[in-house]
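What follows is a single structure, written as structure tokens, with notes after it.
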There are 2 protein chains.
Amino acid sequence: MSQLTAPGSPTGPVPVHGPVPGPRNAITDVPGLRVGHARLPGALALSGTTVVLAPPGGAVAAVDVRGSGPGTRETDALTPGNVVERVDAVVLTGGSAYGLAAADGVAAWLEEAGRGHRVGPDPAQVVPVVPTAALFDLGRGGDFRARPDAATGRAAVAAAAASPEGAPVEQGAVGAGTGAMTAGMRGGVGTASAVLPGGVTVAALVAVNALGSTVDPATGLPYGVGDGLRYADGTPEFPLRVPGPEAAERARRRLRELAAEREALSPLNTTLGVVATDARLDRAHTRKLAAVAHDGMARAVRPCHSLADGDTVFALATGTAGPPPARPGLLPEHAAADAVNALLAAVADVFARAVAHAVLHAEPATTPWGHLPSYRELHPEAFA
Amino acid sequence: MSQLTAPGSPTGPVPVHGPVPGPRNAITDVPGLRVGHARLPGALALSGTTVVLAPPGGAVAAVDVRGSGPGTRETDALTPGNVVERVDAVVLTGGSAYGLAAADGVAAWLEEAGRGHRVGPDPAQVVPVVPTAALFDLGRGGDFRARPDAATGRAAVAAAAASPEGAPVEQGAVGAGTGAMTAGMRGGVGTASAVLPGGVTVAALVAVNALGSTVDPATGLPYGVGDGLRYADGTPEFPLRVPGPEAAERARRRLRELAAEREALSPLNTTLGVVATDARLDRAHTRKLAAVAHDGMARAVRPCHSLADGDTVFALATGTAGPPPARPGLLPEHAAADAVNALLAAVADVFARAVAHAVLHAEPATTPWGHLPSYRELHPEAFA
């Protein structure tokens with residue numbers, strides 16, 4: 001389904017052999033990136049934190065905030081032109097604005113590791129810039145006051161650091177996605193990657209807690225499945241059956257029943273994401289990567305970017321793969337932009353796929369607040 | 001397909017009866033808005049200008065520029081907080097940056113009509129603010145120097161003013177869409193509207209000249225068809241057959257052949273749009289309407305927002321319908337945002353539908369530059 005055509009170019013529309021998922025189909029397919037999840041302890045807690053840890057030296061970082069109810073920290077530092085260009089870690093967290101405290105623990109861990117923006121003659125004198133975004137999950141475990149804090153953040157970054165390079169990433173109701181919901185269904189964390197024909201990797205990790213629905217009422221499948229790839233051996237990334245509109249309508253009725261049984265919560269929601277590439281990008285193009293990732297969100301979550309969503313996407317460019325490879329036959333003044341455009345097209349697709357993985361991996365839960373049904377529970381036909 | 005659910009609200013996911021297209025399924029369904037097209041004369045010219053004219057007194061206006069190759073005029077004036085809140089006309093034009101001259105003719109016409117921002121004691125002392133965005137179509141008629149100018153802009157605004165209120169809008173390769181292409185296929189102007197359950201109208205007019213494709217390779221149908229509505233009598237907005245992937249692949253091969261026969265042009269492209277509502281919105285929410293319209297673009301044009309696209313969406317809120325109607329049963333502090341969210345969800349859908357109408361209405365053309373095939377020519381199966 002993915003298209004990387006460049007019509008209007010001297011060679012006309014050029015079909016490329018499609019991208020394939022990376023070895024883990026995860027953001028850890030970008031060499032050097034590690035992921036750690038931590039869950040808030042406590043019987044009435046349903047929240048947590050996820051850290052994406054860059055390799056030592058950090059990665060070029062950017063952010064694009066498109067929702068109207070964001071809860072963020074250290075995002076202004078990422079504006080191209082501002083002083084900090086590289087960051088060591090990005091944090092996604094539950095706990096709404098309170099949960100931003102998780103970054104305290106990540107900053108402390110990074111300081112102890114001597115990682116951050118150098119501010120003095122002693123290499124230990126650093127200020128780690130830890131861009132963070134929060135999603136609203138307050139009360140879903142039963143205790144409105146159970147929120148990620150510095151200890152949760154520290155646990156998540158420590159878990160990331162302890163994981164081997166290229167490790168698989170746990171998905172579903174983990175980390176920042178522990179208490180996440182989308183349109184009455186359980187949300188969570190998802191990830192995906194794509195290796196482009198030139199060898200560059202583009203990947204995403206998302207935490208889906210959206211006002212909008214991730215499921216197409218016409219098919220009963222997650223919207224993001226439509227951007228699914230095939231592995232090199234030809235097997236599809238999403239081997240699902242189409243439940244059909246009647247099954248989708250049954251699921252929606254069930255969601256309405258469950259919502260009526262639960263304690264009302266204010267309609268605050270958010271899809272968070274980190275997209276990443278091993279291509280070498282400047283800060284402006286890294287920001288563009290975050291911006292166009294929102295196009296994948298627009299396809300996979302409907303509606304999104306509302307006044308009640310805090311939709312925020314961070315981007316990391318590690319640079320180890322060099323500049324994105326240019327196609328032959330283009331005017332020199334267009335080749336570089338064309339190469340970046342291939343990454344941009346890919347990042348929208350990979351973001352949508354990560355959203356699909358998030359809801360496909362979620363497990364149901366029942367808390368004092370109510371029952372949180374999962375996609376698997378609501379759409380068993382998809383797995384028949 | 002359209003969803004206006006509000007999960008997480010006190011009443012849970014609330015299905016609403018879907019919106020229906022307005023009487024003309026056009027931006028002129030927003031009372032007071034008029035549309036005029038003008039085509040650049042000359043055998044080797046293939047370009048033109050489209051004006052959306054507000055009623056006297058203007059409309060609250062905003063813009064969101066998401067492409068990286070924009071050609072615009074008077075967009076900074078629309079930043080919320082800046083002095084001008086209402087505008088009398090918005091201009092979409094061919095001719096790339098040169099074509100911004102079309103606004104000169106619109107400004108002159110508005111001055112003669114005594115319309116614009118008052119700057120002196122004499123009501124005739126006005127400065128009309130005419131936000132304008134251009135798309136790249138240079139050379140497609142054979143003459144690289146044939147571009148819309150002040151006369152083209154004047155002709156377009158005069159045509160708008162001469163049209164009756166609520167008139168149908170000509171679609172396809174007209175006005176700003178005269179020379180438009182998308183992924184090697186002829187693009188053009190499209191429009192659509194939706195009347196929401198509360199009675200508010202949301203509408204879009206687009207000029208599609210995108211780098212990306214508007215056609216789903218899995219079905220051969222325009223992506224935007226997936227957001228299609230049903231008229232009140234149950235007939236579908238897009239009564240099309242699915243060509244299927246083989247037909248879509250045949251069409252892509254034909255596009256590659258045609259591209260190889262044509263003179264190469266630099267890969268500069270753009271989808272432009274004007275979205276509008278009769279709801280009363282402040283400038284910040286009007287800007288949000290423009291922003292979320294880009295989500296419809298993301299669904300209907302893949303990829304979009306690239307470095308080679310100048311994707312720009314203006315928004316107009318006329319206010320005649322009053323504030324967007326709030327649903328009962330919500331906390332007072334959420335009701336107003338929820339009402340705006342319904343407009344935002346609708347504007348993404350209506351934008352995608354307008355893109356589909358643009359390509360469905362385009363007719364083929366042959367110029368000294370080459371053959372510009374249309375969707376109808378490439379996908380006859382869809383109309384069988």
Side-chain angles (χ1 to χ4, degrees), chain A residues 1 3-15 66 68 181-185 211-213 216-218 226 252 255-260 262 264-269 285 288 291-292 294-299 302-308 330-331 333-334 337-338 340-341 344-345 348, chain B residues 1 3-15 66 68 181-185 211-213 216-218 226 252 255-260 262 264-269 285 288 291-292 294-299 302-308 330-331 333-334 337-338 340-341 344-345 348:
Chain A
M1 302 278 285
Q3 293 195 307
L4 295 173
T5 57
S9 68
T11 49
V14 177
R66 297 282 293 166
S68 292
M181 297 185 73
T182 163
M185 202 171 80
L211 174 75
S213 175
D216 186 345
R252 285 201 300 281
L255 283 171
R256 285 196 292 275
E257 292 166 9
L258 287 168
R262 286 192 301 249
L265 270 188
S266 63
L268 291 166
N269 316 262
H285 286 165
K288 190 77 191 174
V292 175
H294 281 283
D295 288 348
M297 192 189 302
R299 293 188 216 143
R302 305 193 190 185
C304 65
H305 302 139
S306 81
L307 298 186
L330 295 174
L331 298 180
E333 51 271 57
H334 299 142
D338 180 79
V340 174
N341 282 342
L344 297 177
Chain B
M1 302 276 287
Q3 292 194 309
L4 294 173
T5 58
S9 68
T11 48
V14 177
R66 296 281 294 165
S68 292
M181 297 185 74
T182 163
M185 202 172 79
L211 173 76
S213 175
D216 186 345
R252 285 201 300 281
L255 283 172
R256 286 196 291 275
E257 293 166 9
L258 287 168
R262 285 192 301 247
L265 270 187
S266 62
L268 291 166
N269 316 260
H285 286 164
K288 191 77 190 172
V292 176
H294 281 282
D295 288 349
M297 192 189 302
R299 293 188 216 143
R302 303 190 190 187
C304 64
H305 302 139
S306 82
L307 298 186
L330 295 175
L331 298 180
E333 51 272 56
H334 299 142
D338 179 80
V340 174
N341 282 343
L344 298 177

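All of these numbers come straight from a predicted model, not from anything done at the bench. Values reported hereafter were calculated over all heavy atoms of this structure, with side chains retained and with hydrogens, waters and symmetry mates removed. Convention: sequence-line order gives letters A, B, ...; per-chain numbering from 1.
Both the backbone and the side chain of B:Ala337 come within contact range of chain A, judged by heavy atoms closer than 4.5 Å.
When all heavy atoms of A:Leu211 and B:Asn341 are compared, the closest pair comes out as CD2-ND2, 4.2 Å.
With respect to chain B, the highest number of heavy-atom pairs below 4.5 Å among A:Arg299, A:His294, A:Met181 belongs to A:Arg299. For the set B:Gly296, B:Ser68, B:Ala348, the entry with the most heavy-atom pairs within less than 4.5 Å of chain A is B:Ser68. When the candidates A:His305, A:Met185, A:Met297 are compared by the number of heavy-atom contacts under 4.5 Å with chain B, A:His305 comes out ahead.
A:Arg302 places none of its side-chain heavy atoms less than 4.5 Å from the side chain of B:Asp295.
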